[in-house]
2 protein chains.
Amino acid sequence: MADKVTSFDVARQAGVSQSAVSRVFTPGASASAATRSKVIKAAEELGYRPNTLARAMITGKSRVIGVVVAYLENQFYPMALEHLDHALKARGYHIMLFMAKNDDSVGQIVEELMSYQVEGIITASVAMSNDIAKRCHDAGIPVVLFNRGQDTGNLAQVTSDNVKGGRTVANFLFAGGHRKIAHISGWLESSTGLDRMRGFVDGLAEHGIAPVAVEDGRYSQKIASEITRSLCDSPDRPDAIFVGNDHMAFAVMDTLRFELGLSVPDDVSVIGYDDVPIAAWPAYDLTTIRQPINQMVNATVDVLLARIENDAASERIQIPGPLKIRGSAKKPKGFTR
Amino acid sequence: MADKVTSFDVARQAGVSQSAVSRVFTPGASASAATRSKVIKAAEELGYRPNTLARAMITGKSRVIGVVVAYLENQFYPMALEHLDHALKARGYHIMLFMAKNDDSVGQIVEELMSYQVEGIITASVAMSNDIAKRCHDAGIPVVLFNRGQDTGNLAQVTSDNVKGGRTVANFLFAGGHRKIAHISGWLESSTGLDRMRGFVDGLAEHGIAPVAVEDGRYSQKIASEITRSLCDSPDRPDAIFVGNDHMAFAVMDTLRFELGLSVPDDVSVIGYDDVPIAAWPAYDLTTIRQPINQMVNATVDVLLARIENDAASERIQIPGPLKIRGSAKKPKGFTR
DNA sequence: CATAATGATGAATGCGAATGCATAATTATC
DNA sequence: GATAATTATGCATTCGCATTCATCATTATG
């Protein structure tokens, strides 16, 4: 194992001072062409790379962003992670990844992130208690909630327009002739779950009807399946179900088809939310509200870096997402949103 | 934004020296109960946490592991990531995440990881050129390839027993009465793809038959679908297809059923590899070889940390995975592996 | 009670690179 | 060609904490 090679080693080899070496590796610092080439040559010979940790100590910039994710089984989050990686890499930042179930451990994780001197934190569908938010604020570490809103704590947040999405689904299902419509919601303690539900219920109300049932699926496939069973156990089963996200919608469809022997969409229409890649797979061919993940991620990164770089205000951004019409729900003729 | 609070601030507040503060936060260092409680009190009042970067500079231990992942759309990798997070967290390490397409950029990423002084690197289905492997070796940074083998470079690696898995599939399909069996392989430039293919072909050979076709699906759903179409376009279409991983198998099943109007398993049996959660979803109900992801991850972490802590040798570990029999392939009566 | 052994503590040092300051080398301007 | 303006360069310092060394307090041992 070769010993670590430092800027002093390179300096000696190149016959210059350590400062010169540092300047060559610091964008914008002044160094003559001669020095530069000597240093680069020596660095290559020795296999030198600046120690980012040491650099971070001086500059106070680690170029690391902490990312906290709750679920990875729901395909939306791996996809978000992939986009986040690209967007952050393009801006010269790196990801330190943590998993946190929603209930617990977020505080602990934030403490660890802070001790690593991350420059910012992105949480995906993870909320943050007020005192933790305050701690980040006091430490000067900006936080952006991705796909999760929160009224308290004055945190930046980026979501799709969930209320509008829910409303769009209501219009679409009503236009499709459905009158007995159930909703298996996302977790109702989360803003996304709640907003979609509200938009949906409001949307139906505008047509003078109410959902036949609203049950909290809590983003769990298991719970969603159970709810589906009990909904359809009734003589008066729904003819359409709006499900709070695609991940649950797949379970709902499977339960309807393979357990209850019902046809989707002939017996029951199903609509999801997210438009993850699986939704387009022929086995599901799920009609769903698309969350424009790319735009959402870009907005998240923009907001975060703006706050890192110039202390900008925290914003709340809502990006509208279109209904992606596929085959899991009856298509009204001439439907316009 | 409160200014950073350092160990000196805490020391002043507690009326002790900076060394004392450091000792209180360093497990195993000696400090009296009185000092300890004074320091802890002061630290809490000031909201102090040791700066991990500064600590890492001194100790040479960053407690960070670099994780490099190629795909996140194939559910196997998010699942692996989740397990990795748990296993590493339990050992006090953290993840710095990078995405790399297989062909490019791995070298660049490794350089960045090294500059962050990571203590080890795990690559998931990502290979590493020999000079990059050497660079890690020279820098004393152990590397473990997860779910990917590689003969050159003397790298530690953890996979399932892919050859055996392929063979098991061959036996199972033969016992199920299939004689016209095709294989849409994983990427044949990867050890996993190659080993599964070899085991499979060998297994069939032991029964005196050969696959009717072996095509490289390159882990792409699109390519797998295209191959499925062309395979079934022939008058002599296969009655079973072994697919190199679940992710492609889903696309194959969808193509067979919804595009070609064939029944799975009545017309064509399909078997995958991985046993990701989706494989158990009723829509697919995929018979597949389970990769024991938990064991694989634990082995990966064990090997890596052993090499970090005591310079252990690099190992090659193969963990056998059972056939998970579901409904996508005909079930031979009384089949024993 | 004296001496040895152990534990606790602070001052000083160093990890590796960035940067302010002062000076030297180069280039621009008249 | 002389002076001003600019660019390069090195020295010394700094970031925050762990650790060595020497010193001092405490406890153990005969």
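Here is how names work: the chains are called A, B, and so on, in the same order as the sequence lines, proteins then strands, and each is numbered from 1.
To the nearest angstrom, C1' of dG14(C) lies 16 Å from CG of Leu53(A). dC15(D) atom P lies 11 Å from atom CG of Asp9(B), rounded to whole Å. In this entry the distance linking NZ of Lys61(A) with C1' of dT14(D) reads 17 Å, nearest Å. Summarising the geometry, the separation between CZ on Arg36(B) and P on dA8(C) is reported as 8 Å, rounded to the nearest angstrom. Distance Phe25(B) CZ to dT19(D) C1': 17 Å, rounded to the nearest Å. Taking atom CZ on Arg12(A) and atom C1' on dC11(D), their separation rounds to 17 Å, with Å as the unit. The interatomic distance linking Gln18(B) (CD) with dT20(D) (P) rounds to 14 Å, in whole Å. Rounded to an integer number of Å, the gap from CD1 of Ile58(A) to P of dG16(D) is 10 Å.
Checking dC15(D), dA18(D), dC17(D) against the side-chain heavy atoms of Thr26(B) singles out dA18(D) as nearest. Distances were taken from every side-chain heavy atom of Arg23(A) (C-beta onward) to each of dG10(C), dG20(C), dG16(D); the shortest belongs to dG20(C). Considering only side-chain atoms of Ser7(B), the nucleotide from dA17(C), dC17(D), dT9(C) that sits closest is dC17(D). Of the listed nucleotides (dC17(D), dT9(D), dA17(C)), dT9(D) has the atom at the smallest distance from the side chain of Ala31(A). Set against dG10(C), dA8(C), dA18(C), the side chain of Ser30(B) has dA8(C) as its closest nucleotide. Distance from the side chain of Phe8(A) is smallest to dA17(C) among dA12(C), dA17(C), dG16(D). Closest approach to the Asn51(B) side chain among dG10(D), dC17(D), dA17(C) is made by dC17(D) (side chain taken as heavy atoms from C-beta onward).
Taking all atoms of both residues into account, the shortest heavy-atom contact from Ile319(B) to Val158(B) is CD1-CG1, 4.5 Å. Here the closest non-hydrogen pair linking Ala43(A) and Val10(A) is N-CG1, 4.0 Å.
At a threshold of 4.0 angstrom between heavy atoms, the contacts of Val16(B) are confined to the sugar-phosphate backbone, with no base atom among them.
Side-chain polar atoms of Gln157(A) and Gln150(A) form no donor-acceptor pair below 3.5 angstrom. Counted by atom type alone, Thr35(A) and Ser32(A) present one or more donor-acceptor pairs between their side chains at under 3.5 Å.
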Subject >> Audit row: Met57(A), Gln117(A), side chain to side chain contact (heavy atoms under 4.5 Å, CB included) steps and yes/no >> reply: CA-CA 9 Å; Met57(A) 278 207 55; Gln117(A) 314 300 112; over 6 Å; no

**OP:** Could you walk me through whether Asn147(B) and Tyr77(B) pass side-chain hydrogen bond (donor to acceptor under 3.5 Å, both in side chains), step by step?
**Re:** CA-CA 10 Å; Asn147(B) 202 35; Tyr77(B) 296 102; 3.1 Å; yes

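In this model, the phosphate group of dT9(C) is approached by a side-chain N or O of Thr35(B) to a distance below 4.0 Å at OP1 or OP2. At the phosphate of dA17(C), neither OP1 nor OP2 sits under 4.0 Å from any side-chain N or O atom of Ser22(A). For the OP1/OP2 pair of dG16(D) and a distance below 4.0 Å, the side-chain nitrogens and oxygens of Thr6(B) include no atom meeting the criterion. For dC17(D), the OP1/OP2 oxygens have no side-chain nitrogen or oxygen of Arg55(B) closer than 4.0 Å. Taking 4.0 angstrom as the limit, Tyr48(B) places a side-chain polar atom (N or O) nearer than this to OP1 or OP2 of dC17(D).
One N or O donor and one acceptor, one from the side chain of Ser19(A) and one from the base of dC11(D), sit under 3.5 Å apart.
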